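On a predicted model such as this, the values are computed, not experimentally measured, just so you know. Read the numbers this way: they start at 1 and go in the same order the structure lists the ligands and their atoms.
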Amino acid sequence: MSNLIAPSVLAADFANLQRDIEMVNNSDADWFHIDVMDGVFVPNISFGMPVISAIKKHAKKTMDVHLMIVNPDQYISTFKNIGADILTVHYEACTHLHRTLQAIKAAGMKAGVALNPHTPVAVLEDVIKDIDMVCIMSVNPGFGGQSFIENTYKKVQQLKNLIEFSGADTLIEIDGGVTDKNANELIEAGANVLVAGSYVFGAEDPTSTIAELKALIN
Ligand code: DX5
Ligand code: ZN
């Protein structure tokens, strides 16, 4: 499988959302990465259901929804109904993670788990086979445009080892501060999906920036 690029809609121009969605549709990007923040789990509020439904109307690629919210279980069927294909919850927000993962899959979505920068990969040892994708946060969640945390490379390698050792086929996604400067090293460490927000939407030509990033990692 080729390595994937998931532009983060958080960095799009919300006053020109349809234009930016079409840009991603017509680019070499693979997924839409959609960040939901509740102002409780993270110190910021992004957008909710009506905006995601609006994105879904135009999006022609996989909807990768990253929930930075407490009590994600409460909204699993809602996110399915508004178009999520992959639903990622935070390890730190789930008391009964195994149950949450089963509920996401039972609702017909791929199940992802995100780890904050301080959370070791080893906490997933007993559920790794139940996880379709692990999202390693390479910044503290809550904001776009932060600097990449270098310790991420080590975590990707550890996660890759855990996945191989367990015979799981879990994807590894990296979220936060991804640019052309760290993309290759992340892929070499074992990553499969790179989320890029400000690097893509802050570029003068987002379409070619996506194409260059995609070519760099494949
Ligand atoms: C951070 C979000 C990220 C963010 C990435 O909490 O989960 O998806 O949009 O943005 P950049 O690529 O600008 O770090
Ligand atoms: Zn995200």
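Checking side-chain atoms of Asn192 against main-chain N and O of Ile172 turns up a donor-acceptor pair under 3.5 Å. Side-chain atoms of Asp38 come within 3.5 Å of backbone N or O of Val70 as a donor-acceptor pair.
Among all non-hydrogen protein atoms, the one lying nearest atom 6 (O) of ligand 1 is Gly142 N, 2.8 Å. Protein heavy atom at the shortest distance from atom 1 (C) of ligand 1 is Phe143 O, 3.5 Å.
By the 3.5 Å distance cut-off applied to N or O atoms, Gly144 is not counted among the residues near ligand 1. Considering backbone and side-chain atoms alike, Gln146 places every N or O at 3.5 Å or more from each N or O of ligand 1. Considering backbone and side-chain atoms alike, Gly145 places an N or O below 3.5 Å from some N or O of ligand 1. For the pair Gly177 and ligand 1, the shortest N or O to N or O distance falls below 3.5 Å.
Under 4.0 Å from ligand 1, not a single heavy atom of Tyr199 appears. The part of Ala196 lying near ligand 1 is the backbone, judged by heavy-atom distances below 4.0 Å. At a 4.0 Å heavy-atom cut-off, ligand 1 touches Ser198 through backbone and side chain alike.
Here Cys135 fails the criterion, with no N, O or S atom under 2.8 Å of the Zn ion (ligand 2).
Taking 4.0 Å as the cut-off between side-chain N and carboxylate O, Lys61 and Asp30 do not count as a salt-bridged pair.
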Quiz prompt | Test log, rule salt bridge (charged side-chain N to carboxylate O under 4.0 Å, His left out), inputs Asp85 and Lys110 | solution = CA-CA 6 Å; Asp85 298 299; Lys110 298 276 187 199; over 6 Å; no
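The minimum heavy-atom distance between Asp130 and His98, with the atom names listed, is OD2-CD2, 3.7 Å.
Comparing heavy-atom distances from atom 2 (C) of ligand 1 across Leu194, Val36, Asp35 singles out Asp35 as nearest.
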